[in-house]
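Lettering of chains follows the sequences in order, A, B, ..., and the numbering in each one begins at 1. Bear in mind that the values here come from a model prediction, so they are computed numbers and not experimental data.
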Protein chains: 2
Amino acid sequence: MTVSPTRIPEATVARLPVYLRALNSLLDSDVRSCSSEELATAAGVNSAKLRKDLSHLGSYGTRGVGYDVEYLRYQISREIGLTQDWPVVIVGIGNLGHALANYSGFSSRGFRTVALLDADDSRTGELVAGLKIRSFDELTAIVHEHGVAIGVIATPAAAAQAVADQMVSAGIRSILNFAPMVLSVPDGVDVRMVDLSSELQILAYHEQRKSTLQPDDGVVA
Amino acid sequence: MTVSPTRIPEATVARLPVYLRALNSLLDSDVRSCSSEELATAAGVNSAKLRKDLSHLGSYGTRGVGYDVEYLRYQISREIGLTQDWPVVIVGIGNLGHALANYSGFSSRGFRTVALLDADDSRTGELVAGLKIRSFDELTAIVHEHGVAIGVIATPAAAAQAVADQMVSAGIRSILNFAPMVLSVPDGVDVRMVDLSSELQILAYHEQRKSTLQPDDGVVA
DNA sequence: TAGATTGTTAATCGATTAACAATC
DNA sequence: TAGATTGTTAATCGATTAACAATC
């Protein structure tokens, strides 16, 4: 009874962060209340989809009125789990790791970077985003000390699998992978992959189609 | 007849870069030929989905034998449009822009970064990844000079919409947005959004469910 | 009450998957 | 030919959307 009564569809889960961001930006503009139409516009989706998505979480709006922005924000945060503390380690402090360590979108949403690790021990002690870079060898100790559940991999592709293996054996069950490399992990471990180049390739595909598009293309009788 | 005869489903397009990466990694290991089963494993999908996806591009395998790795790689590259040159500009050279400018996954796939722009003119002239940072004011001139079709936004959220507007008016029709901000653009302009924090939030949601999962959860009679 | 807007229903659409005929 | 594996079919599953009854 205390836990979410229903499973939330994966497509909906992926949009909850978008709604959260839209609600935050409404609050920044001192908007206290909004309709599904307004929120949908701010989030870049249509309102039917928004209402359907929210209906999976519960009934947090008022018919004829709309949604209380702060209340809905809290409910979505709670559903995602952002009301609890999430200690995170980042492994691989190159340009990208550096950017991630400084990324305010993490800290502002309940994620707390507890350690930055790099395999290159000559960088140990270097200060990045207020944290000293530590040796990768300390991973297991750090995971246990802080109860880290989420690991971020920002190493080159060649190192990523070894890092993932070490994370898993240290007890991490959720991995965010920025290395352009498919990781193999045991059942029960979640990996999400962010491939910067994939996104560019998908854009290129559509851009190419635009250029070769025939004027009478697009509709088939 | 020279252009792709069929429309490729969006879900398939999103996976083509993954297949391409898997094929590259097979080639690195001197694997010249593979079955759909092997390639699917390397790409992290099941083989039925892989074959279905490839069937949208054409018939590039041999029954009873499998796929020629190099030939298939070429066909996918061509379909995505990676056999042509894609000049790219990156706007916002903070930590993330810096990381993107140095990211080898771009240059190795037909993407050519022609300019790095930043609104902070005190940074003009600074050398990053072999390119001098230039003023944002030069955007339109650079787009025209190099025929830039794809723009990358790595600015803070507050600046992103203005950058997008400028890109659109300069003629860019494909934008990769790393700023945590929904962009509004005219019809015909493609925006893909990469939100580093969203991915972490989706992981947190699943991690949270793992912790609260009942032992007899998962199946309902 | 009248007007507005949610939450839900049901129809449609697209994606996934297993199975297998085609064929090397 | 016999064995292997693709490319396709058809069934299933999940996501999207429009419409509207419920209700503030």
Would you list the pairs meeting salt bridge (charged side-chain N to carboxylate O under 4.0 Å, His left out) in which at least one residue belongs to residues 153-170 of chain B, sequence neighbours left out? none
Using the salt bridge (charged side-chain N to carboxylate O under 4.0 Å, His left out) rule, collect all pairs that involve residues 84-111 of chain A, keeping only residues at least two apart or in two chains. D85(A)-R112(A)
Hey, could you give me each pair passing salt bridge (charged side-chain N to carboxylate O under 4.0 Å, His left out) that has a residue in residues 93-102 of chain B? Not counting sequence neighbours. none
Summary of protein contacts for nucleotides 7-14 of chain D, nucleotide by nucleotide, where a base hit scores B, a sugar-phosphate-only hit scores S (4.0 Å, heavy atoms): BBB-----
Within residues 15-39 of chain B, those residues having any heavy atom closer than 4.0 Å to DNA chain C are R15(B)
For E10(B), all residues meeting side chain to side chain donor-acceptor pair (under 3.5 Å), sequence neighbours excluded: H206(A)
Under the salt bridge (charged side-chain N to carboxylate O under 4.0 Å, His left out) rule, what pairs show up with a residue in residues 40-60 of chain B, not counting sequence neighbours? R15(B)-D53(B)
By ring-ring contact (aromatic ring centres under 6.0 Å, His included), Y103(B) pairs with (sequence neighbours left out) F106(B)
Go through DNA chain D and write down every stem, that is, every run of at least three consecutive Watson-Crick or G-U wobble pairs with distances under 3.5 Å, as range with range. C:3-24 with D:3-24
Hey, can you pull the donor-acceptor pairs under 3.5 Å for the side chains in residues 23-30 of chain B, sequence neighbours left out?
residue: N24(B); atom: OD1; partner: R73(B); partner atom: NH1; Å: 2.6
residue: N24(B); atom: ND2; partner: L20(B); partner atom: O; Å: 3.3
residue: S29(B); atom: OG; partner: S25(B); partner atom: O; Å: 3.0

My understanding is that only residues two or more places apart in sequence, or in another chain, count here; which of them pass salt bridge (Lys or Arg N to Asp or Glu O under 4.0 Å) with D195(B)? R21(A)
Side-chain donor-acceptor pairs under 3.5 Å in residues 170-189 of chain B, sequence neighbours left out?
residue: R173(B); atom: NH2; partner: E207(A); partner atom: OE2; Å: 3.3
residue: S174(B); atom: OG; partner: E207(A); partner atom: OE1; Å: 2.5
residue: N177(B); atom: OD1; partner: A179(B); partner atom: N; Å: 2.9
residue: N177(B); atom: ND2; partner: A179(B); partner atom: O; Å: 3.2
residue: N177(B); atom: ND2; partner: M181(B); partner atom: O; Å: 3.0

For N46(B) and dT16(C), give me the distance from atom CG to atom P, rounded to whole Å. 9 Å
Between the side chains of T41(B) and E37(B), is a donor N or O closer than 3.5 angstrom to an acceptor N or O? no
Take the protein atom NZ of K49(A) and the nucleotide atom C1' of dA19(D), then report the distance between them rounded to whole Å. 18 Å
Nearest whole Å is fine: how far is dT5(C) P from L72(A) CG? 16 Å
